[in-house]
Amino acid sequence: MSAAGPVQGSAAPFSEALKHAVLILGALIVILPFYVMVTSSFKSSHEIETSSGGVFGSQEQFVDEYCVKLGNERDECLRTPIVFNYTEAFRQAPLLRYLLNGVIVTASIFLIQVAVALPCAYALAKLRFWGREIVFGLVLFCLLIPVHAIALPLYIMLAKAGLTNSYAALVIPWTISVFGIFLMRQFFKTVPDDLIDAARMDGMSEFGIVWKVMLPTAVPALLAFAIFSVVAHWNDYFWPRVVITGNRDLYTPPLGLREFSGGADGSMWGPMMATATIIVLPLIVAFLLAQRRFIEGITLSGMK
Amino acid sequence: VEIEVGYPYSHLFDVTYEKIMESFKKEHPEIEVTFRATYEDYEDGTNTILREAVSGNLPDITMQGLNRQQVLVEKGIAKSLEPFIAKEADFEKDGYHKAMLDLGTFGGEVHGLPFSVSLPVGYYNMDLVKKAGTTALPKTWDEVIQLCQKMSANGVKNPMFWGWNITGNWFVQALMWSQDKPIVEDGRFTIDSDEGLVSLETMKKLFRGCDMQNLSWKEALASFSAGEIGMMFWSTSALGAVERAKGDFELKTAEFPGIGQKPKGLPAGGNAALLVSTSDDPERLQAAWTFLKYITSGLGAAAVAETTGYMPPNKAANEIILADFYKKNPNKETAVRQLPLLREWIAYPGDNGLAVTQVIYDGIESVVVGDQDDMKALQEELQEEVTDLLPAPAKGS
Amino acid sequence: MAVADLAEGQLPEQSRGRRRDRAVRGIGLGTAGYWFTAPAIILMIVILIAPVAIAALLSFTDYSLGNDGADWVGLENYGDLVGKSTYTRMIWATATYVLVVVPASIALGLGAALLINSVGRFGALYKTIYFLPVMAALLAMAIVWEFSLHPTLGIVNDSLARLCGTGIEDVSGFFAEGCADGFPLWFGDKGYAIWTICFIGIWQAFGFNMVLYLAGLTSVPRDLYQAAEMDGAAGAWDRFRLVTWPMLGPTTVFVVTITTIRSFQVFDTVEAITNGGPAKSTYVMMYAIYEKAIQHNLIGMGAAITVVFLGFVMLLTIAQRHLVEKRVHYA
Amino acid sequence: MAQIGLNGITKSFGDTIVLQGIDLQIADGEFLTLVGPSGCGKSTLLRIIAGLEAQSGGDVTIGDRQVNRLRPSRRDLAMVFQSYALYPHLSVQQNMETPLRLRDLGFWERAPLLGALLPGRGAKLDRLRANVREVAQVLEIEHLLARKPGQLSGGQRQRVALGRAMVRKPVAFLMDEPLSNLDAALRVHMRAELAQLHRALGTTFVYVTHDQAEALTMSDRMAVMMDGVILQLGAPSEIYRDPQHRKVAEFVGSPRINILEAETDSAGRVAAHGVQLQRRAAGCGARVSLGIRPEHLSLACERDNEGWPFTPTHKENLGADFFLHGHVNGGSTRLVARATPEQAIAISLGQEVRVRPDPGAAMLFGADDRRIRFLEA
Amino acid sequence: MAQIGLNGITKSFGDTIVLQGIDLQIADGEFLTLVGPSGCGKSTLLRIIAGLEAQSGGDVTIGDRQVNRLRPSRRDLAMVFQSYALYPHLSVQQNMETPLRLRDLGFWERAPLLGALLPGRGAKLDRLRANVREVAQVLEIEHLLARKPGQLSGGQRQRVALGRAMVRKPVAFLMDEPLSNLDAALRVHMRAELAQLHRALGTTFVYVTHDQAEALTMSDRMAVMMDGVILQLGAPSEIYRDPQHRKVAEFVGSPRINILEAETDSAGRVAAHGVQLQRRAAGCGARVSLGIRPEHLSLACERDNEGWPFTPTHKENLGADFFLHGHVNGGSTRLVARATPEQAIAISLGQEVRVRPDPGAAMLFGADDRRIRFLEA
Ligand SMILES: Nc1ncnc2c1ncn2[C@@H]1O[C@H](COP(=O)(O)OP(=O)(O)OP(=O)(O)O)[C@@H](O)[C@H]1O
Ligand SMILES: Nc1ncnc2c1ncn2[C@@H]1O[C@H](COP(=O)(O)OP(=O)(O)OP(=O)(O)O)[C@@H](O)[C@H]1O
Ligand SMILES: [Mg+2]
Ligand SMILES: [Mg+2]
């Protein structure tokens, strides 16, 4: 669909081709690191460090030093890079466990955020009460606070409550999403007042209105918010690293990356890139599934 | 009994502990060891312990960078090991290097037992060295510079990488110790000494004379592996990584060059085991001590050398158990040969210790990137800033 | 309160003529508003406001983790902030980053949205590709970028080097230098590092802006384009000037606000790649806070930077709002 | 018993006073329309009756109960909104069931899974479904029950909204401009349907509109509101024929009533633009206004000097009738007169004719806009 | 010279054919209205004239130029949109200036800063501002020039949209339901204003609406479209009086024309529901439909057995008139008749009366919906 409205037939094929050329060039630049990531996940350390091996690597077998160090014969430790990288990603870093943690954490964060934000957004958008503007001002102020900046006080508070090294520690600081409140408020503003009045006339309580009327109508906006929230917390590295100092069983997927970052000893690039690839996959799939309603949701949220 | 242990660099040491645990479990089936989430690096390790101290969920044993022990001791988090040593019949015989034991001794009491020790060494791509028309490896920094120039003349674009950016100002301390001068003496920062100036000038000569690029370790490792860098000065601990990633060329390690002569001393890198348990249970503490002793001596310690580029802190392990191993791995022996030079990796005292590290790092970086050419000025600047950050020296001493 | 009306404007309150905000105070809902906002308020206070307050307090002390107490040092931490060259560079790095990334990622986002909106096919594909960086873990991507930008082995310099000898070095000074002395170190060269970090920031952010603009474009009435066409705006540029850009005004305000706040918060790439170097050229504020408070365990200092940081972001948001507001039309 | 009583209702939003004391008794089964220009407070009044807005002062009674502090859902009223306000995510069936479920099922019976286990719930559900089906039948929307509101046309949505209101068998229906979103033809059609429905149900209807045609055609009584007060209350024909206030006269009737400036002489004789009326009014020497509806102006084609000289400038063809727009006396006073198509064709624009008011049809308004009665001859 | 010619215009969107061959010649200075039910293709046709949509077949000519491949901006037409399509960020002044700027200023002269430096720009700007002021004067919106569209009422926006179209002095105005967003009273008012404007400007107007009242009141000629074809083209009164097609008869006129089933006997005599008409039609023995407008039905109050027995079920009060809705012969055939208020009051609902068609007013339509002429007596 042309923004300007085609006048006579479609736009000139030349300009169309030019547009595609520009877009493809941009896409190449955007995709470059993903290309590097995926191809690296196919290669052996040696090929990666020396930047050889083409797209898929030579898949020449190499010796897994780890295995040798454990006292095995070198012959037993021959590995094919692609297999090694991906199995290692799931073995060394128990990625399945991490992925599961990621799902648990992001899902609980999202659900709690919604549970907290929705009534608040509804009240801010549709109810009149003394102090409403102050609360909204508070929301806007909080929008400016990056959690990294207040990580330490937060950590200490959690620690005093004895909550470090638990799912709670991963979830609690994110239970309030001011962005979510802001976004949902914008959306609710576009919901006709009449609908709410009608629900009141029907005998619905305010609580019922939030969950039975506003929630179903807000699905597109929620979807948009879900993408923001899930992307942010699925990929968060900083916070889990701060609070999870005990059991590795609570690691979230990005922490799986550090299993392979070896500091002075150099990193295990292959498995690391394999891990990175695996981590990003679920999000891409989710985005593809949600894409249309997601954009619709942003549009309707008046986030503009 | 269950004890909890935290250690850094999972990728590096996972295999070591896996190997150690194999035999430890056999010898001490009653002790169950749980490993905590690994620390990303030494700084992360110290910060984690500090945070855990506040929140009260410390592990029993933590492996900390040699230069990070002091902070934890000062803050009263690390426990003295003397009570346990006293109970051991003939502790000394277990073969700890005196020098190594000193690394973990504070106020006359042993707090940390070193676990893995590294020293700076030189890595050489012999193909490029030969290309420069020689096979002799440099003994002094001046020779290094000459070799650089020969390499450059022979088309090596990037002849040398020098690990100035290694954590804890390790290489600066290496230059200072080469002249047998500690960087902090009686609580006083000593860069303003003659030795300090020599160190700075040496670095400048090296960076300029070799046209050294400002690479991060990862980049340097990649470039060296790809055969683009002729020589690289770094910790011996990276040997595993270099060997794994290196391209098709002959790799040799050699002793760390000195200033005009053989170095008089070198700082020890690596980590030590500290007892930070908050438990009152004597049984648990005993178990912790048992584990601690096991991994720092004998078979446990040998595993360090076998699985990493580090050296075990233990004479017995080095000289008896590993004699054969070093014959097979001459590149790993280089550091062992330097063992007599072992000196302390000095921590800057006080709360600002890490900030001091950063100040010195920034100072050297300014030389590397070419911002600073006047070493005298840099010397004064560093002295002033660091003195500012260090606690005033105790009046008595 | 200033902040309140600050966002009130970025939100087009769809005040359709007389039908004003008819939020209701009816019978029997007296306290619902308080019940509904209470959890959010409590959480905001406990999780966000309280730590900020604690940080503000700590900024006047020399607290350090593991110490039993802390000394009140007054404004000393703030004094350091003003006095030390490190912090001057911090401001520079942050300002550079924000001033580069915000306009560039917005321009690219808008450009991409317009192009995607105007091509007949593959729009969804481009959209997905451009959105990829938003979804990827920045940490992983930082590692990959570091990899790709390796001075000699990285795919970028490698590709650039392949162009050497094609005559391009006669045309471009950059290539002439690069082919002779090697292409830039990117992260190791203080002349390039911050720009490279900016580049990654733009790369990461523009897809997000693109999506917002795409959403904005769908709500531009098609009538207006036709009206413009009838008025004689035959060229694409005229239509953009007359319709698209003004109609995207509210979207732009939102995008600018969000992008600015996010740019101020840049952290992952710096932490993963440059650690603030070389020569503090990428020493952005968030990283400074992290370095001081968490790495160096100088919590007082870190807190002081935090306070300054919040002040900056707030000032900027308000200033930007007052500048922009008059020019933006809210439908 | 469903009279609705409003006693001295006032309402202000902050500083702006929207209702300034409304008294109104609505009889059981009556179709009462609130008309008035936009912003006069009609919706506010309706919402106060519904309980969706709290009045600032005064009482609302339903039956003989004072309901001031009763929740909307407890007042047993049903409301139909301008925007229909159907739940977009529920099917028509579910939309119509909602008020019944909320009224008849207990809290636990409404719970998603658990509810299904409770005894007696099935029977209740069956009953309310039957109820919905019945109403759907009456409204002829049975075939739509499975659809979502998004799949319905405007008129169908309108009916579903009505249905949702009807299922509860409320004591009164409140409707806020329910037809204003429909297009002209459908609006006319729905007007008739609503009137019919009212007759069939016999329930009280309170109907808000700013469209006087709707008010005139449907209501038993209409209340004309302006600026927060009721100016006149009465049967539509009475309000049209006999407005008590100039603003009422102007608001009701399309095209608008013609208003001519006039004076009364000392004898109470009224003269406007040189024409004197037969009848006399009380009061003297005052400036007054004369109101004459377009259909009460007759063409006096022959130049017999009767009535006003009138120059038509525009003929408006409405098919069945023509409206002639023009000026009086060549001056700037505009006048509209109704003519049959035959008459209209005979007249050419710009050509002066004469128009005169039908006897007894003119109305007189004082300077305060209040109606002035003619003295009976 | 601004006749607009449409020759065999067809248009399809994918498979759906929207216009099936439209031929229409619009004379210079004419006010032509396109009416028809929603979806019949009116807007599409207008947009084809404007060039905003490309026809699938046929030619568009303006003056004597064939403009098939000319861009909209080059056709020198102005369009007023239903939504007004004012630039919301520009003031009224700027809105009205836009077409002039785009036409009269060069690309560089329009550039934000640079433009101000170019010589001659100031003079041009002054000229076009004067132009805008002039048009604003005509439309009486001078005092609004500084406002933004958001601050205007519906009617004012409407006028600004007109103004923006007028400044260019285009060869013709195209308007797509320009009044449909206004409320009833304003719509009536603007109708008169538009007609007046047309007379004043003397430019061609092509006007699209689905509201037959607009078409009837304003146009010189109206074209009634259904399903992509023009069913009838002619003066409004002609179309009202003399529709050539049953659908046209039904579409034009409010309330709708009454349609009664009827038969012709072998002699051509027409009988409907037991009543025989005076006049005869050609053809015989066929089922036909009889169309009688409500105003052509007279009440035959005395039971003189003339006309149809009629039971009114609902009296619709429109103030000036009443419409009686009811059934014929007690059956299901509905009928609407117009009555004066006096007559209406005399009749009570449910009480049977008789209605008869005015002589000569009934129309006959064949089974194919085409008009059947009565034979002249
Ligand atoms: N929540 C509110 N806050 C402030 N003023 C309000 C509020 N609701 C209504 N008003 C004002 O009260 C007056 C009456 O509003 P109301 O909605 O009752 O008018 P109305 O007669 O229904 O008009 P319309 O025909 O346009 O619907 C208006 O001037 C309106 O601006
Ligand atoms: N872009 C399009 N794609 C497909 N079908 C279209 C498109 N535009 C219009 N139509 C169809 O063409 C038919 C005529 O549309 P048009 O807008 O001309 O109707 P209209 O007579 O103007 O109706 P209305 O009075 O509702 O505006 C409709 O059935 C419509 O659905
Ligand atoms: Mg209202
Ligand atoms: Mg249309």
Side-chain angles (χ1 to χ4, degrees), chain A residues 111 114-115 118 121-123 125-134 136 184 186-226 290 292-294 296-297 299-302, chain D residues 13-14 43 46-47 49-54 70-91 94-105 107 110-112 148-150 157 160-162 164-165 167-168 170 172-178 180-181:
Chain A
L111 291 180
V114 169
L118 223 55
Y122 168 71
K126 292 292 180 191
L127 296 178
R128 232 182 320 148
F129 56 96
W130 186 91
R132 184 177 75 164
E133 293 313 308
I134 299 173
F136 188 55
M184 296 317 292
Q186 294 314 99
F187 183 85
F188 286 163
K189 284 244 151 195
T190 66
V191 175
D193 291 333
D194 282 355
L195 191 60
I196 295 157
D197 283 342
R200 287 187 184 130
M201 293 296 293
D202 284 348
M204 227 179 258
S205 65
E206 294 302 299
F207 191 75
I209 291 176
V210 173
W211 300 113
K212 295 213 184 111
V213 179
M214 300 309 263
L215 179 70
T217 50
V219 167
L222 272 179
L223 218 60
F225 174 55
R292 272 196 51 207
R293 303 204 69 192
F294 166 58
E296 182 188 333
T299 315
L300 293 176
S301 311
Chain D
F13 290 108
S43 298
L46 197 72
R47 293 163 53 76
I49 300 177
L52 291 170
E53 196 88 61
L70 215 59
R71 289 189 67 112
S73 51
R74 297 298 188 75
R75 298 190 181 192
D76 206 8
L77 303 168
M79 189 149 170
V80 179
F81 295 86
Q82 176 174 0
S83 58
Y84 318 135
L86 299 175
Y87 306 116
H89 57 290
L90 300 181
S91 70
Q94 290 166 320
N95 259 289
M96 289 172 64
E97 265 176 34
T98 303
L100 294 178
R101 279 174 175 260
L102 288 165
R103 190 187 59 186
D104 298 342
L105 299 189
F107 180 82
R110 294 203 305 273
K148 296 250 171 103
R157 281 184 220 187
V160 175
L162 265 173
R164 186 176 58 175
V167 283
R168 276 216 334 230
F173 289 95
L174 310 179
M175 309 199 177
D176 194 353
E177 312 198 12
S180 63
N181 273 0

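Note that the structure is predicted; figures quoted are calculated from it, not measured. Letters go in sequence order (proteins before strands), and every chain restarts at 1.
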In terms of heavy-atom contacts, does CZ of D:Arg74 have more than 12 from other residues, nucleotides or ligands at under 6.0 Å? no
Side-chain heavy-atom pair A:Pro216, D:Leu90 within 4.5 angstrom cut-off: no
Using non-hydrogen atoms and a 4.5 Å limit, figure out which bit of D:Ala78 sits close to chain A: side chain, backbone, both or neither. backbone
Work out which heavy atom in D:Ser73 is nearest to a heavy atom in A:Gly203; give both atom names and the distance. CB-CA, 3.0 Å
Atom CG in D:Leu174, atom CE in A:Met201: separation rounded to 0.5 Å? 5.5 Å
So CG of A:Asp197 and CD of D:Glu53: to nearest 0.5 Å the spacing works out to 8.5 Å
Given a strict heavy-atom distance threshold of 4.5 Å, which part of D:Leu86 is in contact with chain A: side chain, backbone, both, or neither? backbone
Measure the OG-CG distance between D:Ser83 and A:Asp193 for me, rounded to the nearest 0.5 Å. 9.0 Å
From A:Asp194 CG over to D:Met79 CE, what is the distance, rounded to the nearest 0.5 angstrom? 7.0 Å
Which distance, rounded to the nearest 0.5 Å, do you find between the OH of D:Tyr87 and the CE of A:Met204? 4.0 Å
First locate atom CG of A:Asp202, then atom CZ of D:Arg168, and finally report the distance between them rounded to the nearest 0.5 Å. 6.5 Å
Would one find more than 12 heavy atoms of other residues, nucleotides or ligands at under 6.0 Å from atom CZ of A:Phe207? no
